[in-house]
Amino acid sequence: MKHVGIIGAGLSGLATAKAFIREGFHVTVIEKAASVGGVWEKSRSYHGVATQTTRDEYAFSDFPMPSHYPLWPSGEQVQQYLEDYARHFGILSVIRFNTAVTGLRYENNNWEMDIYDAGEDYTDTLRFHFVAICTGTFHKPHIPAFKGMETFTGQVLHTSQVADASLLKNKSVAVVGFAKSATDIATLAADTAKECQLLFRKAQWKVPRYFGNLINMRYLLFSRFSEAFFNAPYKTGFQKFLHSAGKPMVWAQWRGLELLLKKQFNLKACGMVPQHRIEDQISCSLGVAPEGFYEKVRSGAIRARQTEISHFEGEKVFLQNGTVITPEVVVCGTGFTQSMPFLEEPYKSKIVGEDGGFRLFRNIVNPDVPQLGFVGFNSSLFTTLTSEIAANWLVKYAQGTLQLPAKETIQKDVDYMAQWRKTARPISSEFSGTCIAPFNFMHLDMLMKDMGLKTKATRWLPYEFFKPINPKDYRILLNASIRKAPQPMPVYQPAEIIQ
């Protein structure tokens, strides 16, 4: 029986463990935290965090979220959901908690993994035939190295460290950034802090849970129809029409959406009208506006300043617009970095390009690196589903039953996607190029076709074209694969060992 090592017990690691266990592999999951959940794990979640999408989209195909959950579940509820998932599918027993990976090297047709068990205070080396890295896009909190920060007499935190509102209560707070976590914390601080200031470089588009206070966001953003209005790297016939003869229609769609958002949020009164097109921003970093955020900006409860930090000096924070502020707490909503310090060369440099972008076919494997794959590096606004499909894809890759093109064609695709991210759609380079949104259906269709599976659950094409994405559809499609034994097919073999 082949032994598979999985790094990370977040939602991607759990989906991968389940997929490999179901196919009879011996699995060991290495998790540095004390419990499952990844970014949703309690020690990494900020107070009040909630999903961007509803419980119906942010769920695995065969394990729906509880019906008593609110439509937008809290971080604590998501973490409980993931624990229940791991328990239900018998994954907990194969996880080694409080254990960090310190080294990963390929020797004698196997991966050797050095680990450090913090609970037992000892090191060990494990040997695996195949390894799946599931550390995801939110691997390491990023706080910029501001000049003079070491002299600051106040406290500098990352948003992920604000686990309790008491950290902000009755204090002067400055929040840095405009992403979801930054505006979430600013909205929280407006209610609990003595003073709240939001420092942002540029205003970004945010979407409401309900457009026009009537239409759930999933109907406008998460269908094949809505996806067609983006300029995709690979286009269907309808997309080719839209982005040639149908360009006026595309233009009208996006300008109309911008007009709706400007009116609904009263962006002009907030001084937060973005200067870029909304279609150029929508990706994994698309933020759902916290309830009351823009109202608090207009009322002055959140004092918004479009500027950046120049430097720290004692109790003072100097801003680039010449203003000096004296916050007691600075909270950085400045994202995360992806890092694989444990992976040896030359494989690491094959996977991560000189620009820091990941060079992965289908965002899962590199053809020049043997017996190694990534799950969760195809992040989306419903990563539960995209990770689950990627996990099933990776199992078939390890089994050698995928319908893939020749290695040269795969490499050309990797090169093409890297160039496309740089030139055609720069926002797609965020998260080191691991975000597949807004091309969710395009990506899922590719994975399903590689596995020899159908891409739609019904034959009613108009329904499939306009309905929002539904993870339950993929339970039906994946079960067809499980019931049917793999048939012989052209197989792309993993790379040879690098000498």
Side-chain angles (χ1 to χ4, degrees), residues 46 142-149 152 154 156-159 162 168 171-208 254-255 257-313 315-336 426-427 429-430:
Y46 60 84
H142 172 65
I143 295 179
F146 296 113
K147 182 180 178 182
M149 191 164 60
F152 185 49
V156 179
L157 301 172
H158 187 268
T159 49
V162 186
L168 311 177
K171 294 181 179 179
S172 175
V173 176
V175 182
V176 181
F178 206 86
K180 179 182 185 295
S181 63
T183 52
D184 279 351
I185 295 298
T187 305
L188 171 67
D191 292 330
T192 59
K194 177 174 60 180
E195 176 190 31
C196 175
Q197 302 188 68
L198 179 67
L199 313 177
F200 62 98
R201 184 169 58 88
K202 67 177 183 177
Q204 302 284 353
W205 292 103
K206 290 188 177 295
V207 297
W254 294 123
R255 303 296 77 76
L257 185 59
E258 289 177 354
L259 188 62
L260 176 61
L261 293 176
K262 289 175 184 178
K263 183 176 180 180
Q264 183 167 342
F265 291 139
N266 202 352
L267 296 181
K268 188 173 182 180
C270 294
M272 290 181 168
V273 179
Q275 300 304 304
H276 54 275
R277 305 186 308 172
I278 189 170
E279 64 267 39
D280 294 334
Q281 181 195 322
I282 294 179
S283 65
C284 292
S285 63
L286 175 69
V288 174
E291 292 186 9
F293 168 69
Y294 287 107
E295 291 84 351
K296 289 173 181 177
V297 171
R298 291 198 301 273
S299 70
I302 297 174
R303 187 172 182 183
R305 299 176 184 271
Q306 188 169 357
T307 185
E308 298 180 71
I309 292 177
S310 171
H311 63 280
F312 289 77
E313 190 176 305
E315 64 177 11
K316 299 177 181 179
V317 178
F318 291 78
L319 307 181
Q320 290 188 2
N321 65 359
T323 304
V324 179
I325 60 176
T326 55
E328 296 168 86
V329 181
V330 174
V331 183
C332 295
T334 44
F336 292 77
I427 190 65
S429 294
E430 67 176 0

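In terms of heavy atoms, Y46 sits closest to T159 at CB-O, 2.9 Å. Residues L168 and A189 share a closest heavy-atom pair of CD1-CB, 4.1 Å. When all heavy atoms are compared, the tightest approach of Q275 to V273 is NE2-O, 2.9 Å. Closest approach of V173 and P327 over heavy atoms only: C-CB, 4.4 Å. Taking all atoms of both residues into account, the shortest heavy-atom contact from A301 to A190 is O-CB, 3.9 Å. Of all heavy-atom pairs spanning V207 and F265, the tightest one is C-CZ, 4.0 Å.
With rounding to the nearest 0.5 angstrom, the CG atom of N266 is 12.0 Å from the CE atom of M272. Atoms NZ and NZ, on K268 and K263 in that order, are 14.5 Å from each other to the nearest 0.5 Å. The CD atom of E313 sits 15.5 Å away from atom CE of M149, with the distance rounded to the nearest 0.5 Å. Put simply, CG on L319 and CZ on R305 are 6.5 Å apart, with the number rounded to the nearest 0.5 Å. The structure places OG of S283 at 7.0 Å from CD of Q281, a figure rounded to the nearest 0.5 Å. L198 CG to T187 OG1: the interatomic distance, rounded to the nearest 0.5 Å, is 8.5 Å.
By the neighbour-count criterion of 12 heavy atoms within 6.0 Å, atom NZ of K316 is sparsely surrounded, having that number or fewer from other residues, nucleotides or ligands. In this structure, E291 places its CD atom where only 12 or fewer heavy-atom neighbours from other residues, nucleotides or ligands lie under 6.0 Å away. For R303, the CZ atom sits in a loose shell: 12 or fewer heavy atoms of surrounding residues, nucleotides or ligands are nearer than 6.0 Å.
The closest donor-acceptor contact from the side chain of K206 to the backbone of F178 lies under 3.5 Å. Remark: side-chain polar atoms of W205 are not paired, donor with acceptor, to backbone N or O of D280 under 3.5 angstrom. Although no hydrogens or angles enter the test, the distance criterion places no donor-acceptor pair under 3.5 Å between the side chain of T326 and the main chain of E315. E195 contributes no side-chain N or O that, together with a main-chain N or O of A193, makes up a donor-acceptor pair within less than 3.5 Å. Judged by distance alone, with hydrogens and angles left aside, the side-chain atoms of Q264 form no donor-acceptor pair with the main-chain N or O of P208 at under 3.5 Å. In terms of modelled atom types and a separation under 3.5 Å, the side chain of Q204 and the main chain of G287 share no donor-acceptor contact. Proximity of a side-chain donor or acceptor of H158 to a complementary backbone N or O of G335 within less than 3.5 Å is detected.
For the pair P290 and L188, the minimum side-chain heavy-atom distance is 4.5 Å or more. Between V162 and V329, the closest side-chain pair of non-hydrogen atoms is not below 4.5 Å.
Using a cutoff of 4.0 Å between basic side-chain nitrogens and carboxylate oxygens, E279 and R255 are scored as salt-bridged.
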